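Here the structure is laid out as structure tokens; the discussion comes afterwards.
This one's a predicted model, so the numbers in the text were calculated from it and none came from an experiment.
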Amino acid sequence: MRFEAITWERLTDALAERAMETKTADGGPWLRIGIDGAPAARPDALARLLADALRLRGRSVLAVSTEGFLRPASLRFEYGHQDAYTYYDGWFDTGALWREVFGPLEPGGTGRVLPDLWDPARDRATRSPYQALPEGGVLLVHGPLLLGRWFPLDLTVHLRLSPSALRRRTDEDARWTLPAFERYEAEVRPAETADVVVRVDDPRHPAWQVGAAGGGGGSG
């Protein structure tokens, strides 16, 4: 892979311009963007920057974190508090994401999206109200292990960390999740799947590569 050095400001502007030019794969009125990356890569930070850039360009934006769609603790910790395989397959409620986030944005949908469902700290439903995303608006979904789940994403960005950087930047109490990301790399190959790959080993000096996956590269 060949990467080009870029600043976060230039990267954000480039992604916003690409989003403005991207057509939805299903012909619907809502563009869906996925920003994928381990927590150590801070996909939430890029989502905030991109949301601001799109709003400056006149687009309504709703950012949704997959961390708001965790399953209850009884399911996440069924095989212990540090089971990497459960983290990979069983922590995130993909069914709820389909039902509450992606489903309402299908052609003919209501546009009413639930921004989060479960509070992992209190281990109970958040009871957040639905939010209406007007036609022409942009959904930004961000979080780890996002690709390879057949989500109907029109543009996908993967924040890439080398194995050594991922270990170094992951909090010690979360390093038990590292085998899940090794499996993700082997099975999903996010750097080959995403439309845009951003290397963030040094968060001060990102570098990027535009992939060849085409629109909706995160769905496969």
Side-chain angles (χ1 to χ4, degrees), residues 26 28 30-48 51 61-106 109-133 137-159 170-171 173-174 176-185 187-188 190 193-194 216-220:
D26 58 12
W30 297 284
L31 186 70
R32 298 146 302 188
I33 300 175
I35 300 180
D36 170 67
R42 297 296 310 278
D44 57 324
L46 180 56
R48 284 194 295 271
V61 181
L62 177 60
V64 172
S65 171
T66 59
E67 297 288 342
F69 286 84
L70 294 178
R71 288 192 168 101
S74 60
L75 298 177
R76 299 200 313 275
F77 304 136
E78 183 178 3
Y79 300 103
H81 281 67
Q82 297 187 350
D83 185 85
Y85 291 100
T86 302
Y87 179 76
Y88 185 87
D89 281 325
W91 269 49
F92 299 96
D93 193 340
T94 56
L97 281 165
W98 273 102
R99 182 179 67 252
E100 304 290 359
V101 177
F102 291 108
L105 302 184
E106 293 178 347
T110 64
R112 294 179 68 250
V113 174
L114 190 66
D116 52 57
L117 179 66
W118 200 257
D119 181 346
R122 296 183 297 171
D123 196 36
R124 65 183 184 184
T126 57
R127 303 187 184 278
S128 296
Y130 284 87
Q131 297 188 23
L133 186 62
V138 180
L139 172 72
L140 276 177
V141 179
H142 57 90
L145 310 173
L146 185 59
L147 307 182
R149 300 183 184 275
W150 297 101
F151 290 141
L153 297 167
D154 303 300
L155 178 63
T156 53
V157 181
H158 172 62
L159 300 181
T170 298
D171 292 340
D173 60 1
W176 62 270
T177 64
L178 294 179
F181 291 103
E182 292 175 7
R183 179 181 172 188
Y184 186 58
E185 288 288 335
E187 294 184 0
V188 177
T193 301
S219 61

Quick check: Phe69 with Trp91 (ring centres under 6.0 Å apart)? no
Please examine the side chains of [Y] and [X], heavy atoms only from C-beta on, and report whether any two atoms are closer than 4.5 Å.
X	Y	value
Phe151	Leu146	yes
Arg48	Arg42	yes
Leu70	Asp93	no
Pro144	Glu67	yes
Leu139	Val101	yes
Val138	Ile33	yes
Glu106	Pro152	no
Tyr88	Phe181	no

Between the side chains of [X] and [Y], is a donor N or O closer than 3.5 angstrom to an acceptor N or O?
X	Y	answer
His142	Asp44	no
Asp123	Trp118	yes
Asp116	Thr126	yes
Glu100	Tyr130	yes

Closest heavy-atom pair and its distance - Pro43, Gly37: CG-O, 3.4 Å
What closest approach, in Å, do Ala194 and Val157 show between heavy atoms, and which atom pair accounts for it? CB-C, 4.4 Å
Any donor and acceptor pair, going by atom type alone, linking the side chain of [X] with main-chain N or O of [Y] inside 3.5 Å?
X	Y	answer
Tyr184	Leu147	yes
Asp171	Asp173	no
Asp83	Thr86	yes
Asp36	Leu145	yes
Thr193	Val188	yes

Is any side-chain N of the basic residue among Arg32 and Asp26 closer than 4.0 Å to the acidic one's carboxylate O? yes
Quick test of your reading of the model: are Asp89 and Arg183 salt-bridged, counting only N-O distances below 4.0 Å? yes
Rounded at 0.5 Å granularity, tell me how far [atom1] in [X] sits from [atom2] in [Y].
X	Y	atom1	atom2	value
Arg71	Phe77	CZ	CZ	13.5 Å
Leu105	Leu31	CG	CG	10.5 Å
Ser65	Leu140	OG	CG	11.5 Å

Please determine whether side-chain contact (heavy atoms from CB on, under 4.5 Å) holds for the pair Gln131 and Val113, giving the CA-CA distance in whole Å, both sets of side-chain angles, and the decisive distance to 0.1 Å. CA-CA 5 Å; Gln131 297 188 23; Val113 174; 5.6 Å; no
When you look at Leu97 and Thr66, which way does the side-chain contact (heavy atoms from CB on, under 4.5 Å) test go after all the steps? CA-CA 8 Å; Leu97 281 165; Thr66 59; 4.2 Å; yes
Taking it one step at a time, do Tyr87 and Trp176 satisfy side-chain contact (heavy atoms from CB on, under 4.5 Å)? CA-CA 10 Å; Tyr87 179 76; Trp176 62 270; 3.8 Å; yes
